[in-house]
Amino acid sequence: MVDLDLGPLWLTLQLASATVIVLLLVGTPIAWWLAFTSSRLRTIVEAIVALPIVLPPTVLGFYLLIAFGPHGLIGGPWKDLTGSALSFTFTGLVLASTFYSLPFVVQPLHGAFEAVGKKPLEAAWTLGASKLDTFFTVASPMAIRGYLTAIVLGFAHTLGEFGVVLMVGGNIPGHTKVLSIAIYDHVETLEYAQAHMLSAGLLLFSFIVLLAVYSANRRLPLHVT
Amino acid sequence: MVDLDLGPLWLTLQLASATVIVLLLVGTPIAWWLAFTSSRLRTIVEAIVALPIVLPPTVLGFYLLIAFGPHGLIGGPWKDLTGSALSFTFTGLVLASTFYSLPFVVQPLHGAFEAVGKKPLEAAWTLGASKLDTFFTVASPMAIRGYLTAIVLGFAHTLGEFGVVLMVGGNIPGHTKVLSIAIYDHVETLEYAQAHMLSAGLLLFSFIVLLAVYSANRRLPLHVT
Amino acid sequence: MSQLAANFEVTFPTFHLKVSLAVPAEGIIAVFGPSGCGKSTLLRCLAGLERSSSGSMVLNSHIWQDESHGIFVPLSQRSIGYVFQEPRLFPHLNVRANLHYGWKRTSESTRHITLEQVIHVLDIERLLDRLPQSLSGGEQQRVAIGRALLTSPQLLLMDEPLSSLDLQRKREILPFIRRLDSEFHIPIIYVSHDLHEIIELAKTVVLLKEGTVVGSGPIEEVFSQLDLRHLIPENHLGALVDTTVAEQDQKFGLTKLAFSGGHLHVPHQPRQIGERLRVQILAKDVSIISSQPSFQTSVLNLLEATVIEIGKINIEHPFVEIKLDIGCPLLATITRKSLTALQLHPGQRVHAQIKAVALNPETHH
Amino acid sequence: MSQLAANFEVTFPTFHLKVSLAVPAEGIIAVFGPSGCGKSTLLRCLAGLERSSSGSMVLNSHIWQDESHGIFVPLSQRSIGYVFQEPRLFPHLNVRANLHYGWKRTSESTRHITLEQVIHVLDIERLLDRLPQSLSGGEQQRVAIGRALLTSPQLLLMDEPLSSLDLQRKREILPFIRRLDSEFHIPIIYVSHDLHEIIELAKTVVLLKEGTVVGSGPIEEVFSQLDLRHLIPENHLGALVDTTVAEQDQKFGLTKLAFSGGHLHVPHQPRQIGERLRVQILAKDVSIISSQPSFQTSVLNLLEATVIEIGKINIEHPFVEIKLDIGCPLLATITRKSLTALQLHPGQRVHAQIKAVALNPETHH
Amino acid sequence: AEARAAVASNFLATFRMLTSDFANKTPHQIVIISGSSGKLYAQIQHGAPFDLFFSADQHRPELLEKEGQAIKGSRFPYALGRLTLWSPKPNFIPVDGKTALTREDITHLAIANPKTAPYGRAAEQTLRSLGLWDQLTPRLVYGENIAQTFQFVSSHNAELGFVARSQVAGSHNQESGSHWDVPPTLHDPIVQEAVLLHQGGTNTAARAFLEYITSPSAQAIIHQQGYGIPDPEKTP
Ligand SMILES: Nc1ncnc2c1ncn2[C@@H]1O[C@H](COP(=O)(O)OP(=O)(O)OP(=O)(O)O)[C@@H](O)[C@H]1O
Ligand SMILES: Nc1ncnc2c1ncn2[C@@H]1O[C@H](COP(=O)(O)OP(=O)(O)OP(=O)(O)O)[C@@H](O)[C@H]1O
Ligand SMILES: [Mg+2]
Ligand SMILES: [Mg+2]
């Protein structure tokens with residue numbers, strides 16, 4: 001019998017969920033700004049947002065490790081503020097994943113907001129909706145496909161992410177040892193049976209979730225006409 | 001003086017370009033079908049397309065390695081057809097990268113095609129444009145932002161991709177040793193100076209390319225109104 | 001004679017269209033009916049955008065659709081121009097490129113309508129380099145008309161094409177649309193809510209109601225069918241009279257038209273003597289006078305008439321319609337009070353008084 | 001008296017709008033002008049969707065914009081209803097939710113207009129559960145009107161709201177729009193190309209041309225201003241006469257109106273005796289008769305008149321406008337032939353003959 | 001001729017020196033393919049075109065030999081890994097490593113993953129031998145390989161860690177700080193074995209390189225980079 005530790009699975013789900021939430025919170029305003037600004041900074045910000053993914057995850061992880069360290073650009077102030085370190089913590093993982101997956105969220109949202117355009121927003125304003133209200137009741141439901149793409153890509157990428165997490169997390173069981181590392185370890189140590197099982201489980205689980213998400217979306221009104 | 005081998009850079013650019021081209025060729029019809037079909041299979045295909053990214057790249061690479069092998073599901077028939085193996089070749093890398101980056105291309109295109117909708121297509125048809133003509137002259141220019149996202153995500157992800165490439169490609173200098181692996185090797189062997197230089201170069205190069213792409217796009221007509 | 005024959009059946013969750021059409025494929029065929037009656041859906045069927053398992057559509061000798069024989073010609077090969085209810089311009093192309101889009105895809109030999117003509121008539125010269133998003137509603141509509149025209153189609157479908165244009169523009173564009181058939185033999189299916197437009201343009205009307213055709217045929221017949229009156233607003237009720245140009249009165253700027261019952265004076269028309277003209281005389285513009293007046297009046301057209309029929313008298317309605325014979329049928333709307341004062345009865349000899357300015361002459365051939 | 005005062009200046013690459021408005025904020029204020037003259041842009045400015053550095057906009061005591069003092073009230077706090085030129089329904093919400101959208105965001109105390117009213121008047125009951133994409137053009141337009149009305153705004157902006165509706169629908173909706181001011185004190189800025197609509201509705205008109213106001217004020221003044229005539233199609237030229245209801249003639253379904261020069265008979269109006277009514281008499285519906293006729297005619301309204309002024313005689317134009325005095329000004333359009341026959345000259349006593357059915361009575365207060 | 005050698009990443013830097021020295025001395029060239037031993041093993045299993053395999057452990061070459069992917073009898077140890085406890089801070093580690101490991105101000109101690117990396121297993125054994133394993137587990141962070149473990153420490157995210165001596169002593173790195181070389185008695189030897197793969201059986205460069213690797217000049221380089229030289233007696 002193969003022996004499976006399900007701890008990494010829950011941790012992974014937690015990480016992916018937390019990351020997606022943070023990604024949406026961070027990505028939405030950036031995407032919104034990109035879609036509607038006429039600032040000259042736009043192209044620069046657009047380019048910067050897409051940059052993290054050009055680096056190999058482990059290498060990005062290496063730089064994040066330095067930045068998250070006690071003397072790092074981010075880790076230093078963070079320690080001063082919170083009293084605790086960023087590296088090797090769940091929070092650090094979430095931050096790193098967010099950083100790495102940001103383009104997968106910002107880009108689809110940017111496209112979706114552009115497709116919504118100003119007209120429906122103007123209509124909502126004249127109907128007494130504030131800008132925030134309009135965002136939640138008009139812009140985001142109309143950009144639902146963009147959100148769907150963002151969430152799926154963000155979540156799935158965090159599930160499969162590996163290099164960054166490995167580097168920044170320190171692979172501490174129960175804290176930062178996520179599923180992808182567990183599967184990786186099995187492959188590395190030639191425990192193929194366990195690797196196959198975990199992979200199959202992950203795929204099946206993801207497939208069911210995706211299927212549920214997509215068929216829910218299909219039943220939503222917003223579709224091609 | 002640090003000593004840099006630029007071979008992996010060219011190889012990487014070739015790989016990324018080839019992959020993006022294959023991705024667009026493969027992703028466009030899938031995205032189109034997803035956007036306009038009313039088939040019940042839609043949600044299933046949607047879910048399947050998103051699946052590869054939930055697996056850790058190395059693990060996916062592991063499975064692809066098996067599939068691409070001379071007795072594998074794909075490698076076997078491939079060998080019968082072409083006489084050469086798939087694994088540890090440039091072609092194999094392109095195939096593997098395509099497989100892995102497919103959702104980054106299909107999803108934004110799917111969203112963009114949905115946003116275009118049927119109306120402009122109908123207008124083009126009545127103006128004497130065939131379906132293919134309509135696709136090239138109406139649908140794809142209107143979906144330009146989707147394509148931009150797809151190309152940027154696909155290209156950047158292939159640049160930074162690593163696990164799959166390392167596994168399927170075998171890191172053979174001049175054949176399958178791409179930049180991300182080269183940087184990784186430098187980091188692994190503690191040659192930080194070289195790693196920093198290559199990373200900085202990659203980032204700078206990517207930044208310039210992205211900036212050029214985005215500002216070109218900005219000058220295109222299709223924008224929020 | 002060229003003919004348009006079509007059968008369609010389309011079912012939406014709350015709407016069912018079942019149409020069987022056979023009209024001469026000449027001139028302007030107006031489709032008229034209340035909002036939601038299926039006009040746009042009919043046009044979509046004709047264009048092949050809405051496909052039903054039992055549809056058929058034949059224009060002259062072209063079989064574009066015949067589902068019973070498995071025939072369905074793809075849209076791009078149909079040579080049908082379509083002006084949609086909303087402009088549907090291509091947002092990524094400027095006005096010039098929008099206009100060129102269909103034009104480029106039309107073989108040179110069939111390009112009857114030129115870019116210059118269209119740009120001139122629609123007055124879109126100064127818009128050519130603009131993007132559609134920056135155009136006003138009416139500007140977009142004009143470009144959409146131009147784009148469809150430039151394919152020089154064999155059949156033109158227009159869904160309320162002039163709805164957001166001012167009268168002045170309409171006056172500039174309408175004659176051009178009217179000429180499409182006479183000059184280029186392009187029959188037009190024309191959806192409009194504007195009866196002025198329809199009367200001015202249409203040779204044939206198709207009246208739609210809740211997805212079915214309740215009347216179709218030559219406009220003069222359809223518009224005087226009693227049971228269809230409820231579909232035609234009162235103040236558009238009137239007779240159509242076929243005339244020929246008899247005399248040009250340069251001095252007073254009038255044209256004298258001859259018809260089976262005498263003469264009519266209308267504002268000057270730039271026509272040749274002997275040319276045929278169809279005029280409409282609205283019932284509300286006709287007054288009835290009991291006997292030949294002995295005094296001078298500014299009313300030029302005073303014709304002898306016989307009362308043929310007195311319309312239904314409705315206690316809730318102050319007006320009555322009178323059908324007169326002046327050598328051809330003429331309708332008059334008078335108040336019930338006048339009816340009593342004049343003591344009208346069928347067969348009575350009266351005079352019909354028509355204000356020249358109320359005439360609305362139109363070419364149809 | 002309530003007042004709307006606004007100043008805007010907007011510059012587009014090929015268009016410049018510079019408008020200074022001061023009109024009574026009462027009833028329906030029609031904005032009229034050719035396609036592309038800036039009507040929609042003006043509405044956008046009024047709504048605060050287009051903002052210029054020097055704009056100002058004051059409705060009654062509400063200062064909604066005064067850039068010189070840095071005041072710009074956000075749209076959502078302005079209580080302005082806007083019916084856009086295109087429907088702009090929310091595609092993700094069904095009709096009911098679209099209607100509710102603004103209604104929910106209106107405080108209960110200011111909800112004068114009820115859902116039931118709107119659904120009834122616009123006849124959209126059976127559309128409530130549908131999604132906008134599946135509605136016909138006219139259906140969408142009606143829902144868009146309803147959605148804006150349900151915010152019970154302090155000012156309603158309507159950009160060609162009825163353009164894709166049939167006459168029957170218009171007739172059902174227009175009276176409701178007219179009542180908005182009298183019942184709920186909602187002034188309306190109303191863009192339309194349809195002069196019938198404007199004449200039927202408007203108390204005030206603003207004439208726009210190439211981004212500037214070329215005329216504004218009470219409709220009767222603007223429409224009889226000589227230098228603005230080229231903007232008003234001939235067959236809409238006419239006098240507006242203020243009257244009071246004098247008598248109801250149940251038998252013939254007529255209402256007798258008294259005015260400074262005598263009486264007019266119009267189709268039955270459901271009004272109280274003594275109520276005020278403004279009617280329009282189009283110049284083309286007035287004939288001139290040289291002396292009191294001795295015979296019976298179906299023309300009820302025959303009034304003594306004095307010729308005041310004879311309009312410009314244009315050799316290319318068969319008609320002449322005559323200004324008469326019947327106790328108030330009256331315009332008549334006659335042919336030059338008639339002018340000669342009648343030998344009209346200022347000061348001459350004549351009779352003006354008006355067809356009752358041509359009257360177009362309207363409430364304005 | 002040219003041969004392709006698959007090399008465990010931890011030995012890569014040393015291996016580069018060996019191949020360039022080899023290239024100077026012979027007409028042959030060695031193309032280096034680096035990666036984790038597990039990955040390289042999987043690739044070889046699935047037909048990777050490699051001639052030589054320099055693993056970080058004994059286990060995988062042995063398996064390859066058994067599975068018939070490698071030439072029987074060609075397997076031999078080429079280096080012994082040396083474990084070092086290292087901190088970038090000077091004087092953090094006194095002469096006796098155990099006192100350093102019991103310091104109160106350690107929040108993280110980095111070791112390589114004992115499951116996947118031989119250095120990790122050695123580090124675990126060392127801690128167990130010192131009787132500190134249970135006490136220190138909560139503070140452990142795991143690098144996926146020895147390079148990552150080194151990065152944890154060098155970036156000050158972990159105060160100290162068990163790294164390879166080659167990383168501290170190697171000519172590439174003049175890292176300051178303090179270290180304690182773990183006595184080999186505290187853990188099983190980290191034997192790194194190489195094997196000639198089937199494909200390389202006829203490759204003259206591969207065979208020549210295997211000969212070169214046991215030559216004194218090669219062993220000098222290996223030693224100089226911080227590795228132990230395996231006792232030829234123990235070669236199976
Ligand atoms: N965003 C814009 N950029 C550039 N030009 C614009 C823009 N919006 C409007 N215009 C131009 O300004 C002019 C006025 O436009 P507007 O939409 O106000 O016209 P309108 O009077 O409403 O016309 P219509 O009756 O056709 O709707 C037009 O010539 C139009 O092309
Ligand atoms: N895609 C659809 N799904 C469901 N119902 C539809 C769809 N399209 C149209 N309908 C319904 O079919 C009926 C006819 O629509 P159509 O657009 O043909 O009307 P129309 O005569 O063009 O009206 P209008 O003058 O308002 O444009 C309407 O009641 C409409 O709601
Ligand atoms: Mg329609
Ligand atoms: Mg407009």
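These figures come from a predicted structure and were not determined experimentally. A, B, ... follow the sequence lines: proteins, then strands. Residue 1 opens every chain.
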When rounded to the nearest 0.5 angstrom, what is the spacing between [atom1] in [X] and [atom2] in [Y]?
| X | Y | atom1 | atom2 | value |
| --- | --- | --- | --- | --- |
| D/Ile80 | A/Thr126 | CD1 | OG1 | 9.0 Å |
| D/His100 | A/Leu127 | NE2 | CG | 13.0 Å |
| A/Asp133 | D/Arg105 | CG | CZ | 4.0 Å |
| A/Met142 | D/Phe90 | CE | CZ | 8.5 Å |
| A/Thr137 | D/Leu93 | OG1 | CG | 8.0 Å |

Practice item. Examine distances only and state if a side-chain atom of D/His92 and a backbone atom of A/Ile144 form a donor-acceptor pair shorter than 3.5 Å. Key: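 No.
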Check your understanding: Is there a donor-acceptor contact under 3.5 Å from the side chain of D/Arg88 to the main chain of A/Lys119?
Key ->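 Such a contact is found between D/Arg88 side chain and A/Lys119 backbone.
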Please check if the number of heavy atoms outside [X] that lie under 6.0 Å from its [atom1] is greater than 12.
| X | atom1 | result |
| --- | --- | --- |
| A/Phe99 | CZ | no |
| D/His16 | NE2 | yes |
| A/Leu25 | CG | yes |

Exercise for review: Using non-hydrogen atoms and a 4.5 Å limit, figure out which bit of D/Arg44 sits close to chain A: side chain, backbone, both or neither.
Suggested key: side chain
Check your understanding: Is chain A contacted by the side chain of D/Glu86, its backbone, both, or neither, given a heavy-atom distance below 4.5 Å?
Key -> side chain
Practice item. Begin from the C-alpha positions of D/Phe84 and A/Glu122 and carry the test side-chain contact (heavy atoms from CB on, under 4.5 Å) through to its verdict. Key: CA-CA 10 Å; D/Phe84 292 89; A/Glu122 290 181 350; 4.2 Å; yes
Review point. Closest heavy-atom contact between A/Ala129 and D/Ser76?
Key: O-CB, 3.2 Å
Exercise for review: Measure across A/Ala124 and D/Tyr101 and return the closest heavy-atom pair with its distance rounded to 0.1 Å.
Suggested key: CB-OH, 3.8 Å
